[in-house]
Amino acid sequence: MSEPISGPVIRGALTAAVLLTLVAPATATAAPTPTLALPAPTGPYGVGTTALHLEDATRPDPWVAEQRTRQLMVTLWYPTRTRHGGTAPYMTTQEAALLLEEQGAKGVPPEALSGTRTNAVLNAPVAGHGLPLVVLSPGFSLPRSSLTALAEDLASRGYVVAGIDHTHETATTFPDGHTETCTVCKTKPDAAFGEKSTRTRAADVSFVLDRLTGPRPAWKDARVIDRSRIGMAGHSVGGAATTWTMLEDRRIDAGVNMDGTFWAPIPARGLSRPFLLVGEDKNGPDGGDPTWAREWRRMTGWKRWITVDRATHGTYTDHTLLMEQLGGDIDRGITGARALEITRRYVGAFFDLHLRGRSRPLLDGPSKRHPEVRFWDTKKS
């Protein structure tokens, strides 16, 4: 059984509320809402994107018993040489409305959030071959779109990225136009719920890998994926689920947890593949989340534990930046743009090192360019 969990887990469920309700009073009677936009990717490629509707007929939905199959929406981002064309919507207006309603965010028009300007061109042709694949799992109650800025940046650097909506843990619109709500958002986020979410996400990820890398792939361009180079990263419970997914699925070579409490402990045999812990400043070894120290001892391969000064739980998503653009206050000092820069650089360096074998000294210790980033253990494992 997992140990009882408190603070970090609950904050994971409330990330959107914390970030979006702050802007409500300022926007309710203010001038027209500004156009929200994600920062440009930093890599040499343009970014293409497409969405997939996948159905796993081998298992019922774990959250809604009457749904006999597990249905998922997945967004793919990938490198392209095309830089012109219609860009992808950030999310549907219905998804935005339900997210804002669920989190109690009053005064923010759903169209403002759904209309966030992205950088990825819809259905652009893929550039390259033998591309590593990174799977992204968002925080509880948050959609796959919450990690779009990170996904676009990885794609611009030559990765295929698959972002998953874990149905019923967020609002999800399907191609026929119907939207499934966040069925379990009112559930008390205790250890039993966390374990179920973790295991559900692991099964979701393995199914998506089957559909992307198996003999009859769901994506017409799946041939560009190198099946021997697969990574996973997640925010909050999505990060916590990464270790369990790696234990259950040997195809995943390296993983990242962005500020997530570990619901399901790594067993005594340990996890020998590379892992990166990235957290807010109080998640150092002397405080914060006690599950990090427990899991750290059970990671027997290459590993790093870093925190970011003045970061919050939402630092590793798009939402801090979007909140700023809506006129919200930053109460801890790190801007959304800086937060995303740090997230992109360190997560990107990790996958460059472990999926591509490229030297990345950024991961060896403190950097003068990133004084906010603190290393809690720099010994090479």
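Not measured: the values here are computed from a predicted model.
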Salt bridge [X]-[Y], side-chain N to carboxylate O under 4.0 Å:
X: Asp289; Y: Arg294; value: no
X: Asp352; Y: Arg157; value: yes
X: Lys282; Y: Asp259; value: no
X: Arg199; Y: Glu248; value: no
X: Arg229; Y: Asp253; value: no

Assess the residue pair Asp249 and Val205 against the criterion (side chain to side chain contact (heavy atoms under 4.5 Å, CB included)); give the C-alpha distance rounded to whole Å, side-chain angles, the decisive distance to 0.1 Å, and a yes or no. CA-CA 9 Å; Asp249 197 324; Val205 172; 5.9 Å; no
Criterion ring-ring contact (aromatic ring centres under 6.0 Å, His included) on Phe193 and Phe140, from CA distance to verdict: CA-CA 11 Å; Phe193 174 83; Phe140 174 61; 5.2 Å; yes
Residues two or more places apart in sequence or in another chain: which of them pass side chain to side chain donor-acceptor pair (under 3.5 Å) with Thr82? none
Residue list, side chain to side chain donor-acceptor pair (under 3.5 Å) with His84, at least two apart or on another chain: none
When you measure from the side chain of Trp292 to the backbone of Gly260, do you find a donor-acceptor pair of N or O atoms at a distance under 3.5 Å?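 Yes: the side chain of Trp292 pairs with the backbone of Gly260.
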Is there a donor-acceptor pair under 3.5 Å between the side chain of Thr170 and the backbone N or O of His166?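 No; zero donor-acceptor contacts below 3.5 Å.
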Atom [atom1] of [X] and atom [atom2] of [Y]: how far apart are they, to the nearest 0.5 Å?
X: Leu321; Y: Arg338; atom1: CG; atom2: CZ; value: 14.0 Å
X: Ile225; Y: Leu131; atom1: CD1; atom2: CG; value: 8.0 Å
X: Thr312; Y: Arg310; atom1: OG1; atom2: CZ; value: 12.0 Å
X: Leu212; Y: Phe207; atom1: CG; atom2: CZ; value: 9.5 Å
X: Glu102; Y: Cys185; atom1: CD; atom2: SG; value: 4.0 Å
X: Leu147; Y: Ile164; atom1: CG; atom2: CD1; value: 11.0 Å

Apply side chain to side chain donor-acceptor pair (under 3.5 Å) to residues Glu55 and Thr69 and explain how you reach the verdict. CA-CA 7 Å; Glu55 182 175 9; Thr69 62; 2.7 Å; yes
Would you list the pairs meeting ring pair (Phe, Tyr, Trp, His ring centres under 6.0 Å) in which at least one residue belongs to residues 339-358, sequence neighbours left out?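 Of all non-adjacent pairs touching residues 339-358, those that pass ring pair (Phe, Tyr, Trp, His ring centres under 6.0 Å) are Trp302-Phe350, Trp302-His354, Tyr346-His370, Phe350-His354.
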Determine whether the side chains of [X] and [Y] contain a donor N or O and an acceptor N or O closer than 3.5 Å.
X: Thr93; Y: Ser114; value: yes
X: Thr50; Y: Asn123; value: yes
X: Gln71; Y: Glu180; value: no
X: Thr42; Y: Asp153; value: yes
X: Ser197; Y: Glu169; value: yes
X: Thr173; Y: His178; value: no
X: Thr307; Y: Arg374; value: no

Looking only at heavy atoms, which two atoms of [X] and [Y] are closest? And how far apart?
X: Thr320; Y: Gly314; value: OG1-O, 3.5 Å
X: Val47; Y: Ala155; value: CG1-CB, 3.9 Å
X: Gly48; Y: Ala124; value: CA-CB, 4.1 Å
X: Thr200; Y: Pro62; value: CG2-CG, 3.5 Å
X: Arg356; Y: Gly158; value: NH2-O, 3.1 Å
X: Pro89; Y: Leu122; value: CD-CD1, 4.3 Å

Please report the C-alpha distance between Asp210 and Arg216 in whole Å, then the side-chain angles of each, then the deciding distance to 0.1 Å, and finally whether the salt bridge (Lys or Arg N to Asp or Glu O under 4.0 Å) criterion is met. CA-CA 9 Å; Asp210 290 344; Arg216 303 177 73 176; over 6 Å; no
Test applied, side-chain contact (heavy atoms from CB on, under 4.5 Å); reference residue, Val208; option that passes from Leu52, Asp56, Leu72: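 The option that passes is Leu72.
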Pair His313, Ser236 - check side chain to side chain donor-acceptor pair (under 3.5 Å), show working. CA-CA 8 Å; His313 189 61; Ser236 195; 3.0 Å; yes
All N/O donor-acceptor pairs, side-chain side in residues 268-278, below 3.5 Å, sequence neighbours left out:
unit_1: Arg273; atom_1: NH1; unit_2: Met246; atom_2: O; d: 3.2
unit_1: Arg273; atom_1: NH1; unit_2: Ile252; atom_2: O; d: 2.6
unit_1: Arg273; atom_1: NH2; unit_2: Met246; atom_2: O; d: 2.7

Atom CD of Glu101: over 12 foreign heavy atoms under 6.0 Å: no
Tell me whether Arg59 at atom CZ has more than 12 heavy atoms from other residues, nucleotides or ligands lying less than 6.0 Å away. yes
Which residues satisfy the side chain to side chain contact (heavy atoms under 4.5 Å, CB included) test with Pro285, sequence neighbours excluded?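 Partners of Pro285 under the side chain to side chain contact (heavy atoms under 4.5 Å, CB included) test: Trp305, Trp376.
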With sequence neighbours excluded, what pairs up with Pro215 under the side chain to side chain contact (heavy atoms under 4.5 Å, CB included) test? none
Should the pair His53 and Phe174 be assigned to parallel (<30°), tilted (30 to 60°) or perpendicular (>60°) ring geometry?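 Judged by the thresholds at 30° and 60°, the geometry between His53 and Phe174 is perpendicular.
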Are Ile230 and Leu209 side-chain neighbours, meaning at least one heavy-atom pair lies under 4.5 Å? yes
Chi angles and distances behind the ring-ring contact (aromatic ring centres under 6.0 Å, His included) call for Trp296, Phe262: CA-CA 11 Å; Trp296 178 257; Phe262 289 96; over 10 Å; no
